[in-house]
Amino acid sequence: MARTVARVIVDALSELGVSQVFGVVGDALNPLTDAIRTTEGVEWVGCRHEEAAAFAAGAQSQLTGRLGVCMGTVGPGSVHLLNGLYDAAKSRTPVLAIAGQVPLTELGSDYFQEVDNDALFNDVAVFRATITSPDQLPLLLETAVRNALGRKGVAVLTVPGDIGDREVGADRPARFSLTAPTTRPEEDAVRRAAELLDRADRVTLLVGKGSRAAREDVMALADRLAAPMVLTLKAKEGLEGDNPFQVGQTGLIGNPAAASALEDADTLLMLGTDFPYRDWYPQGRTVIQVDTEAAHIGRRIPVEIGLVGDVGATVRDLLARLTAQPPGAGGARDRGHLDKARERFASWREGQAELAAPDHDKGLVGRLRSAVDNRQHDIRPEALAAAVDRAAAEDAVFTSDTGMATVWLSRFVEMRGSRRLLGSFNLGSMANAMPQALGAQCLDRERQVVAFCGDGGLSMLLGDLMTLKTHALPVKLVVFDNRRLGMVKLEQEQSGLPEFGTVLDNPDFAAIATAMGITGIRVTDPAELDDAVRTAFATPGPVLLDVLTNPDEVAVPGKPTVEQGWGFAVAKMKELVRSRGDDSAQD
């Protein structure tokens, strides 16, 4: 078999353990897709949109820590990759994008579909290059892959249309020797941090994704310091289940217990997090931050001591230096701060459970509320999320669209067992849940994959439902069909603006799924919710569960402000006046 550029690339991907490549065929990619066709163990997953392909590749990378791969052909095909690649870049996960290009002889001539890929991907990629000679391989490919894996980002390799089927002169396979280093902070910095923690009366931990591999060490530190643990959304996975120290999330999706745990502390210890929302940090506290990236230290809040190193190694060093005693020993730290935070969290969770209870709207308050908003048959999104949590497997992979779907998942789905969680948590893109679920399900067709889809997000890339059907991927799509861009509605109303431009004229998504050959289930009656969820999860193959949820459900943040309350009241008055003066509202 001739060692062409395409063959060298695909053989190298196989050697790296890449099991799927996502994209849309055509043009410059034809030699590459033909090489995939004849390579055992590497599957071509033809998507309906390249954005979905990039999201799917990024999802696989986040789940495995290995290289995800997507392809986009000449011009528009490569442009379509951008949003999914930005999500991978912001998630700091290794993805290789192979982009098609016009023939070498036409470069720079404003040829049909010509786009300057090196300029196009300049901002999103840690490495980008165009193959101009077969003799550049395998070195150029090795460089691209090492940059993606070593720098945890996107590498883009552009292949002109007349390069892919040319033979490579070097008679050697590509080599990708790369090991991840373990870093530790300076001993003096660890000593000073331990001294500050020993002197502190009330320590709160803000724990992020960078702590997931150090669960036991972080739990031991929380126990030693009697510290409540506020989790970022990405730390739910691996740190939420069976954790007697965690008090949920902060921020807009958070809860009062987490907000109070931060405010009541005199010392904040940040572990493996770059939580970006400055308004939710407590002010005037002593702050210690641990992160593998020096650039992350102090960029969200002023830091007394920054410890650059792996969370696990750093926490073990801190534990060895702390004089604070473990529980039950003489001189053990007072646990009042932890107990108070946990009690608040338990109380909040009880209230949330009441909202999600199937009979919540059968009581007097519920009936009055339904009469006022005339939505007697709309289903509470809290109830839907809780029903999914009860029905889903203990090793399920969850993906979540940006917006209200993520709010309900964060509050009502517990990442217990070996559950995994993916979302566009750094870029905040719409339309990520379904294509990320596609990528996750391709890794393991037996593992349960559940996508929390907003109706706005799902409809943006609706065509890739056919990709699920074509490849028989048994993803369960749970659609929070509130006929709104819910988070935008909330943003407008909290600012005192009436809702505008957020109403979605949705089709029957279940009927669309059925027309595509996918099982579609539509739920409009709260009494049918639990049975519908159980049926969806028990049905083989892909299923779309379209649930009409109440668009007026409000996710109250953990630390609501007076301004937000007034804004919401003013917005509702404006909406009421507008609706009374709107002739269409009288029809």
Side-chain angles (χ1 to χ4, degrees), residues 184-208 210-211 214 217-232 235 239 245-251 254 256-326 331-342 344 558-559:
R184 291 178 181 270
E186 296 178 355
E187 289 188 14
D188 183 62
V190 175
R191 177 187 56 77
R192 290 187 290 117
E195 289 174 353
L196 284 179
L197 292 171
D198 272 328
R199 292 199 300 266
D201 290 324
R202 299 176 306 280
V203 179
T204 293
L205 308 184
L206 178 59
V207 180
S211 299
D217 295 317
V218 173
M219 298 268 282
L221 183 63
D223 196 17
R224 182 78 70 87
L225 296 173
M229 191 186 299
V230 177
L231 303 179
T232 67
L239 283 159
F245 307 100
Q246 67 97 8
V247 293
Q249 283 78 64
T250 186
S260 295
L262 291 170
E263 290 293 336
D264 293 346
D266 57 41
T267 300
L268 173 64
L269 176 57
M270 299 170 61
L271 298 175
T273 179
D274 189 36
F275 184 73
Y277 307 106
R278 290 189 177 92
D279 290 346
W280 293 90
Y281 282 95
Q283 300 303 308
R285 309 304 193 273
T286 298
V287 180
I288 302 167
Q289 184 175 1
V290 180
D291 203 291
T292 55
E293 299 291 329
H296 292 178
I297 300 293
R299 74 173 177 177
R300 308 302 182 190
I301 187 173
V303 169
E304 186 79 17
I305 298 177
L307 303 174
V308 180
D310 294 288
V311 170
T314 303
V315 167
R316 288 190 293 273
D317 287 349
L318 284 171
L319 285 167
R321 290 181 176 273
L322 286 171
T323 59
Q325 296 299 307
R333 186 184 294 269
D334 179 82
R335 301 178 81 79
H337 175 53
L338 171 62
D339 292 343
K340 179 180 177 182
R342 286 286 294 175
R344 285 180 174 175
K559 188 175 61 176

Taking side chain as C-beta onward, heavy atoms only, is Ile288 less than 4.5 Å from Met270? no
What donor-acceptor contacts under 3.5 angstrom involve side-chain atoms of residues 301-315, with partners at least two apart or in another chain?
residue : atom : partner : partner atom : Å
Asp310  : OD2  : Thr183  : N            : 2.5
Asp310  : OD2  : Thr183  : OG1          : 3.4
Thr314  : OG1  : Asp310  : O            : 2.7

Would you mind checking if Asp264 and Arg202 are paired as a salt bridge, meaning a charged N to carboxylate O distance below 4.0 Å? no
With a 4.0 Å cut-off on N to O distance, would you call Asp274 and Arg299 a salt bridge? yes
Heavy-atom check, side chain of Leu196 versus side chain of Thr267, under 4.5 Å: no
Contact check, side chains of Leu206 and Leu269, non-hydrogen atoms, under 4.5 Å: no
Applying side-chain contact (heavy atoms from CB on, under 4.5 Å), name anything that partners Arg321, two or more places apart in sequence or on another chain. Glu187, Val190, Arg191, Ala194
Is there side-chain contact between Val247 and Met229, with at least one heavy-atom pair below 4.5 Å? no
Once you round to the nearest 0.5 Å, how far does CG of Leu221 lie from CG of Leu205? 5.5 Å
Nearest-0.5 Å distance, CG of residue Leu268 to OH of residue Tyr281: 7.5 Å
Determine whether more than 12 heavy atoms belonging to other residues, nucleotides or ligands lie under 6.0 Å from atom CD of Glu186. no
Output for pair (Ile297 CD1, Gln289 CD), nearest 0.5 Å, gives 4.0 Å
Side chains of Pro276 and Arg300, heavy atoms from C-beta outward: is any pair under 4.5 Å? yes
